[in-house]
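One structure is given here, and the rest of the page talks about it.
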Amino acid sequence: MIIMSEEVVEMEHELVELRKHISAQGILVQDLMTGVCRELEEWNSANGNIGDCQQDPQVDELQSSLLSDADNQEAIFLENIDVLLAEHKVEEAVEALEAEEKNFPELKGPGDTSSMELSSYRSAFLKRKSMLEDQLIEITEQPLVSILELKKALSALIKLGKGPLAHQLLLKSYGSRLQKSIELFLPSCSVYPKTFPATLSRLVFSIISVTTKESGLIFGDNPVYTNRVVQWVEWEIEYFVRLVKENAPSSEKLFALGTASNCVQASLTYSSMLESQGLKLSKLLLVLLRPYIEEVLELNFRWARRAALDVTEINESSLLSPRSVSPLSAFATLSDSVLVDSGMKFMDIIEDILAQLTPMAVLHFGANVLTRISQLFDKYMDMLIKSLPGPSDDDNLTELKEVIHFRAETDSEQLALLGLAFTILDELLPLAVIKVWCLTNESKELESENIVPNASITAELKEWKRSLQHSFDKLRDHFCRQYVLTFIYSRQGKTRLNALIYLSGEGVDLYWDSDPLPSLPFQALFSKLQQLATVAGDVLLGKEKIQKILLARLTETVVMWLSEEQEFWDVFEDESVPLKPLGLQQLILDMHFTVEIACFAGYPSRHVHQIASAIIARAIRTFSARGIDPQSALPEDEWFVETARTAINKLLLGTSGSDTSEIDEDHITIHDEMVSGSDETASSLSSIESFKSFASANMGELDSPVYFNDPEG
């Protein structure tokens, strides 16, 4: 059987060769007959008088015989083409048709069809040509046609003058291949919801790459065909994005962000590889993907907000994860455990979101993510504000009342709350974000992007840090404002820091003799700040930055209140109230004393100095308007500075003319309300060692503290 099969194959091969030989011989005979006929026509024209001379009968007979043979050759050719078409030997048929058109150029175009025989033959010829084109189209549309067969069929169509049709069939064939691959792949999308966009991207962009290459190889750089390829590619990209949206998980789910990020990463990576082929698709991809990515981000962060602010649903397993055993755990024994749990939960949510991002997603949508993180942090700060004593000035926070399950009542609890917020602001959030952003900056896949990642990332992070700082400042200022107001006002709402103590120039609130001291309210302020420093040293151990920030802001808040309290200044401006130089001198000393408190404690603030200077200037103007000459009534500025510093040392050493019991007696409500709120039982004036231990580090100016290091640092 094997031998017979081989013989059959050999015979078929010999028959094919024989047909080719017969066809070639037929073409030669036809060419010879055509040439003879033309020679006879020329000879008759040159040697005979038409109409006068009768043509030689032998010549007529030869010419008729030759024409009859020509008709036979045409019939043989058409029959040969029919055989080739029947056997689907399209390449041989194309070669035969090309050769016939070379011999008879009039077969290509309209030409001279006055001869009935030529017109009939041309019609038959074009009919066979059309049948061949149909066979070639059928080959390209076969589902299982190989790449080699497809290219041969397209090349054949080009030879037949059907270039535009061949290009259309090329795009259609590769589009069909892509569609079949996608149909086979789509059922697995639900099995791999997070990574399926990467596989889908590979399918789509690999077909696009192959199609573009084949179009260039077969059709060259013809702009018409190039534009058609670009249009086809854009349509396929739109279809790809639509498929991702339709098969992606629900946008509010956390891993939906991972799906979207993987889509951005894979598609932009593959599109950058196509740039060498003249296809720049990144902008189109970003335009198409942006609404989808922003929708996923919006719904993810909406979920994150609900989860972060709902402290009733704390996932205990997440709190035991290594990343959550963080600096926040240091506050667990100093405050309500719900507070610490909420902080850990907040960071867990942020880190889960950041873990979904890819370098390309960070590069193109990182600013959006940072904005939403800062908004979420702002809402978290609002929740912490509601946990502090005192009414909130922000009406927008009323919506958070239902989710507050802890209150920071004592000094240690309030400081722990502030320390937790500052730790998130200063350590945990920057560490989590910069870790992801640095991976983006180092990504080799970004080398083809026409931007400088480091520059754009740095700008985004700086703006983000400013936004975070603003949110934390709201919490800090709320604490300081309520703390100072509780110090200034009694339970009955009366102010202890009253202008009346500066009127008579003498009395229980003033110690103005050979050993001058600040007024009792400012001595009490000094005592209170010392007590708070002692508590902060324990609660915020190792966090000197936030300690100094809080105490500096508390000092600023006192002088700001005094500067803005119009009732305080109305007393001085009332002409029915007598003023004396000693009152002005005492007020100026109190301001210098406040500035020196900040300097001595290690948190000198230019802002405090500026406000105190403004208060002194206003007081001098007010007293001058009432007829008191400051030049004769006031000593030199150096005297106030030295007196204020001496007063601090005396109060710390307990050698002043007014002892601690006298302050407590005259201002008993201060210490009843304030000291009892602290976990400490220290006396109203702490020791020099405890205060200096707090002020050991040199902070420098705190007017605009910077809490982050720049990425390039």
Side-chain angles (χ1 to χ4, degrees), residues 90-95 97-99 101-102 105 107-109 129-130 132-142 145-182 200-241 266-289 360 445-451:
V90 293
E91 291 184 42
E92 297 177 21
V94 169
E95 292 176 0
L97 291 175
E98 276 190 307
E101 286 180 339
K102 288 180 180 179
L107 293 175
K108 287 185 177 182
K129 189 175 182 180
S130 177
L132 178 57
E133 290 173 3
D134 291 340
Q135 282 196 11
L136 292 171
I137 294 173
E138 183 180 351
I139 291 173
T140 63
E141 293 178 345
Q142 288 179 3
V145 62
S146 66
I147 299 296
L148 181 60
E149 291 176 342
L150 174 65
K151 292 171 69 174
K152 288 181 178 180
L154 296 176
S155 298
L157 283 171
I158 294 173
K159 291 179 180 179
L160 295 176
K162 298 294 181 179
L165 174 62
H167 194 265
Q168 181 181 349
L169 292 172
L170 171 72
L171 300 180
K172 182 178 179 181
S173 177
Y174 279 103
S176 177
R177 291 170 185 271
L178 176 59
Q179 182 64 35
K180 290 173 184 176
S181 299
I182 290 174
L200 187 59
S201 297
R202 181 174 55 80
L203 289 176
V204 172
F205 285 94
S206 61
I207 290 293
I208 289 175
S209 177
V210 171
T211 306
T212 305
K213 288 179 181 178
E214 293 300 334
S215 176
L217 292 173
I218 298 174
F219 299 92
D221 296 330
N222 190 317
V224 175
Y225 297 136
T226 302
N227 291 336
R228 288 180 180 176
V229 170
V230 172
Q231 292 175 358
W232 177 81
V233 169
E234 289 177 352
W235 187 89
E236 293 296 342
I237 294 295
E238 292 176 3
Y239 179 56
F240 160 73
V241 174
S267 59
L268 289 179
T269 300
Y270 286 123
S271 68
S272 66
M273 296 178 182
L274 294 178
E275 291 182 2
S276 60
Q277 296 177 237
L279 294 176
K280 296 183 178 181
L281 306 173
S282 297
K283 290 184 178 179
L284 174 63
L285 272 168
L286 289 172
V287 169
L288 296 174
L289 287 172
M360 286 290 188
E445 295 165 339
L446 303 184
E447 292 178 356
S448 62
E449 296 289 327
N450 295 322
I451 61 173

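- Leu289 CG to Leu284 CG: the interatomic distance, rounded to the nearest 0.5 Å, is 9.0 Å.
- Environment of CG in Asn227: crowded, with over 12 heavy atoms of neighbouring residues, nucleotides or ligands closer than 6.0 Å.
- Shortest non-hydrogen contact noted between Ser201 and Phe240 is OG-CZ, 3.1 Å.
- The neighbour count for Lys280 NZ, taken as heavy atoms of other residues, nucleotides or ligands under 6.0 Å away, does not exceed 12.
- Considering all non-hydrogen atoms of both residues, Lys129 and Leu97 come closest at CA-CD1, 4.0 Å.
- Taking each heavy atom of Ser181 and Leu203 in turn, the nearest pair found is O-CD1, 4.2 Å.
- Interatomic distance, OG of Ser173 versus CD1 of Ile139, reported as 12.0 Å (0.5 Å rounding).
- Rounding to the nearest 0.5 Å gives a distance of 7.0 Å between NE2 of His167 and OG1 of Thr226.
- For the residue pair Gln277 and Ser209, the shortest heavy atom distance occurs at OE1-OG, 2.9 Å.
- Under a 3.5 Å cut-off, the side chain of Thr140 and the backbone N or O of Ile137 do form a donor-acceptor pair.
- Under the 4.5 Å side-chain criterion, counting only non-hydrogen atoms from C-beta, Leu268 is not in contact with Ser272.
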Would Ile182 and Tyr239 satisfy side-chain contact (heavy atoms from CB on, under 4.5 Å), going step by step from the backbone distance to the final call?
-> CA-CA 11 Å; Ile182 290 174; Tyr239 179 56; 3.8 Å; yes

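- Across every non-hydrogen atom of Val204 and Glu236, the tightest pair is CG1-O, 4.5 Å.
- Rounded to the nearest 0.5 Å, atoms OG (Ser267) and CG (Leu200) are 10.0 Å apart.
- Annotation: side chain of Glu238 is not in contact with side chain of Val241 (no heavy-atom distance under 4.5 Å).
- Both the sub-6.0 Å distance and the 45° axial angle are not jointly satisfied by Arg228 relative to the ring of Tyr225.
- Contact check for Leu160 versus Leu136: side-chain heavy atoms found under the 4.5 Å cut-off.
- One N or O on the side chain of Thr212 and one on the backbone of Ile208 form a donor-acceptor pair closer than 3.5 Å.
- The nearest pair of heavy atoms linking Val224 to Asn222 is N-OD1, 2.9 Å.
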Given the rule in the side-chain contact (heavy atoms from CB on, under 4.5 Å) test, do Arg177 and Val145 qualify, once you have shown the distances and angles that lead to the verdict?
-> CA-CA 10 Å; Arg177 291 170 185 271; Val145 62; 3.8 Å; yes

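- Residue Phe205 holds its CZ atom at 3.5 Å from CD1 of Ile237, rounded to the nearest 0.5 Å.
- Between Gln168 and Pro164, every side-chain heavy-atom pair lies at or beyond the 4.5 Å cut-off.
- Looking at Leu150 and Gln142, their side chains never come closer than 4.5 Å, going by heavy atoms from C-beta outward.
- Rounded to the nearest 0.5 Å, atoms CD (Glu91) and CG (Leu132) are 10.5 Å apart.
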